> 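Here's a structure for you.
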Amino acid sequence: MAKTRRKFLRETAIGLAGAAVAPAIIAGETAGALPGGVLAGEQEPPAGAPPAFGTGPQVGPEVSPETFAQAEKLVQIELKRDEIAQAASSWRANLAALYERRTGPRKVELEAGVAPWSRYECALPGHFAGPARDRFVRSSEDPGPVPGSDEDIGYAPVAKLSRWIEQRKLSSERLTQIYLARLEKFDAKLRCVITPTRDLALKQARQADAEIAAGRYRGPLHGIPWGGKDLLDTAGIPTTYGAEPYRNRVPKEDAAVVKRLHAAGAVLVAKLSLGALALNDVWFGGQTMNPWLLEEGASGSSAGPGAATAAGLVGFAIGSETGGSIVAPSMRCGVTGLRPTYGRVARTGAMTLCWSLDKLGPMARSVEDTLLVLKAISGPDAGDVASVASRLEFDAGAGVEGLRVGYFPAWMKENPATDVDRAALALLPKLGMKTVEVSLPDWPYDSLNLMLFAEGAASFEELTLNGGLRELKMQTPDAWPNLFRQSRFLSAVDFVQADRFRRRVAQEMARIFDDVDLLLVPSLRDEMLVISNNTGHPSLTLRTGFVEVSEARSDWAPDPKHPLP
């Protein structure tokens, strides 16, 4: 923008002359290159000349009107032929230079820890988010005697395990040995473990027992074995993202969530599987399977946390969700999954898929278990610009009478709703809750996924450009390699418009929550997965029953050559 506006207008006028030949070029006829660049004898602009767009040197590959005519199909717009000709003739001066950060010569590397400048906040202006006070009341019931079998101990909820450990009826070392043995026994069938952490686990368990014996009890997670989805950095222990290009990646520092669980005295027994780069349940070691139906996948991408928790291989697990990755495996495997409010749990040291959507949360065997974990991992961290301070009000003994529960009548009558969902809805009035019919506009909510695909492609730009995506096992049309490559051609204007649409959707959700306290929806209802992840609302997936299926299920589009049993 250092040249004169007069020069800019002159070059633009020359470019407009190309409009006359545009029809011939679009039709496939040849024509000479349109003139541009520095004119012979052009003088430097006088001091004080205003800047102008498109007055720099022409860069990048030559483009023609035919290039634009074809590109119109990708972004679904339609220009007139003279407009196409003008765009083609001035592209290399106007817009090609905008890619210099990536194409050079002055390339700028964006490290993984650099978040976008714009920060997403899930609370709309004027709307208060969260409880007015901090209050946490655990269940006070006597947990009873420690079961006689290791299996029954392994399946016990954290709420009971923690009381037994606190009362020194069960040692952390014994509990850890139980889970390590179960992990070794069942992982061959489930393929839910990427890296076992046996030595660290036993060290942490013995330390926990020593501290508790000395009267230094840290709280409900002290001595409780857990597993982390393998996108959480662990110092000196591989963190692979489930993806071939990262299988030898060993971070130097723990993720913020890992640090907080270490501080709470929890015992890390395994890094658990995830679908490669947090999509579905296939990783470089195979497919993680559903413990209750070994012919089908565990669903993803928190496949390992779902399978390991359901099979009683860990006390609890930490998963992550961007667009259903806690909800789906929780429903499939039959565990309780809590996707927290966006911003409640700091993501520092966790793999970034989508800055404005990623969330970390607990997967466990009861609602109280998930809240015990959430209390330990909540809070801001300087490494995550979206993390905020928050309150948590929980009373395990509180009643549900008077809660207003919204539901969408049509959704309860059609797939993916099941008899389990309909039974849950019918039960609510008997528990003293009020059911309220609610509605949303008939909008194309999947349009919001434009931001997921664009942010994901940005996060893994280098892996896309250097060909590393070709190493991933899954190369189907609906897997990340193809989607990240396709996303390079999304429109930046449409990204902004999708972000504006996101605000409209958030306003509609705020309207609904003016009338209800919570929503009851089928776990895998696509619209609500997209909506609530984009608006930042929390989600609790309850273990409420099994669904009969006639054939095994998969997250991937059916492959006719390889039908499921």
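Predicted, not measured: the structure shown is a model, and the values here were computed from it.
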> Between Y217 (side chain only) and G219 (backbone N and O only), is there a donor and an acceptor less than 3.5 Å apart?
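Flag set: sc Y217 to bb G219 pair under 3.5 Å.
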> Check whether any side-chain heavy atom of K229 sits under 4.5 Å from a side-chain heavy atom of L360, and report yes or no.
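No, side chains not in contact.
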> To the nearest 0.5 Å, tell me how far R206 CZ sits from E173 CD.
4.5 Å
> Salt-bridged, R404 to D515, with N to O below 4.0 Å?
no
> Hey, does L529 have a side-chain heavy atom less than 4.5 Å from the side chain of Y445?
no
> Any heavy-atom pair between the side chains of L221 and V373 that's under 4.5 Å?
yes
> Using a 3.5 Å distance criterion without hydrogens, assess whether the side chain of D187 forms a donor-acceptor pair with backbone atoms of C192.
yes
> Would you check if the side chain of Y179 reaches a backbone N or O of G154 as a donor-acceptor pair within less than 3.5 Å?
yes
> Could you walk me through whether R168 and E166 pass the salt bridge (Lys or Arg N to Asp or Glu O under 4.0 Å) check?
CA-CA 5 Å; R168 299 177 64 182; E166 180 185 11; over 6 Å; no
> Between W443 and F501 (judged by ring centroids, cut-off 6.0 Å), do the two rings come close enough to count as a pair?
yes
> Suppose the criterion is salt bridge (charged side-chain N to carboxylate O under 4.0 Å, His left out): which pairs have a residue in residues 142-151, not counting sequence neighbours?
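Every salt bridge (charged side-chain N to carboxylate O under 4.0 Å, His left out) pair that includes a residue of residues 142-151, provided the two are not neighbours, is D150-R174.
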> I'd like to know if the side chain of T322 pairs up with that of K359 as donor and acceptor (distance under 3.5 Å, no hydrogens or angles considered).
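Their side chains do not contain a donor-acceptor pair, so the 3.5 Å distance test is not met.
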> According to side chain to side chain donor-acceptor pair (under 3.5 Å), does anything in residues 537-549 pair up with another residue at least two apart or in another chain? List the pairs.
T535-H537
> Kindly confirm or rule out a cation-pi arrangement of K375 over F136, judged by NZ or CZ under 6.0 Å from the six-membered ring centre and within 45° of its axis?
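Because its charged atom sits under 6.0 Å from the ring centre and within 45° of the axis, K375 does stack over F136.
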> Before accepting this row, confirm whether a basic side-chain N of the pair K271/D233 lies closer than 4.0 Å to the acidic partner's carboxylate O.
no
> Does a side chain donor of either T240 or D230 reach within less than 3.5 Å of an acceptor in the other side chain?
yes
> Taking the side chain as every heavy atom from C-beta outward, state whether L519 and V438 have any atom pair closer than 4.5 Å.
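In short, these two side chains touch, coming nearer than 4.5 Å.
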> Checking E368 side chain against S139 main chain: does a donor-acceptor pair fall under 3.5 Å?
yes
> Can you tell if the side chain of M363 reaches within under 4.5 Å of the side chain of S330, non-hydrogen atoms only?
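The answer is yes, as the side chains (C-beta and beyond) meet within the 4.5 Å cut-off.
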> Counting only N and O atoms by type, is there a donor-acceptor contact under 3.5 Å from the side chain of H127 to the main-chain atoms of A123?
no
> With the side chain counted from C-beta on, respond yes when F453 and W480 share a heavy-atom pair under 4.5 Å apart, and no when they do not.
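Side chain of F453 against side chain of W480, heavy atoms only: contact under 4.5 Å found.
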> Any donor and acceptor pair, going by atom type alone, linking the side chain of N280 with main-chain N or O of V282 inside 3.5 Å?
no
> Can any side-chain N or O of W292 pair as donor or acceptor with the backbone N or O of C333 at less than 3.5 Å?
yes
> So does L392 get a backbone contact from the side chain of D134, meaning a donor-acceptor N/O pair under 3.5 Å?
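Answer holds: yes.
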> If we ignore angles and hydrogens, is there a donor and acceptor under 3.5 Å between the side chains of R249 and Y241?
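On atom types as modelled, these side chains qualify, holding a pair under 3.5 Å.
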> Would you call E393 and R391 a salt bridge, taking side-chain N to carboxylate O under 4.0 Å as the test?
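A salt bridge is absent here (no side-chain N lies under 4.0 Å from a carboxylate O).
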> Okay, side chain of T352, backbone of C354: is any donor-acceptor separation there less than 3.5 Å?
no
> Could you check if a side-chain atom of V547 sits within less than 4.5 angstrom of a side-chain atom of D419, using non-hydrogen atoms only?
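The answer is no, as the side chains (C-beta and beyond) never meet within the 4.5 Å cut-off.
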> Where the side chain of T309 meets the backbone of F316, is there a donor-acceptor pair that is under 3.5 Å apart?
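Answer holds: no.
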> Is E253 paired with K259 through a side-chain N to carboxylate O contact shorter than 4.0 Å?
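Answer for the salt bridge query: yes.
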> Return yes when atom NZ of K185 has more than 12 non-hydrogen atoms of other residues, nucleotides or ligands closer than 6.0 Å, and no otherwise.
no
> Enumerate the salt bridge (charged side-chain N to carboxylate O under 4.0 Å, His left out) contacts for residues 342-357, please, sequence neighbours excluded, ordered by first and then second residue.
R347-D384
> Has R502 got its NZ or CZ under 6.0 Å from the middle of the six-membered ring of Y120, at an angle within 45 degrees of the ring axis?
yes
> Working to the nearest 0.5 angstrom, can you tell me the gap between N534 CG and L448 CG?
4.5 Å
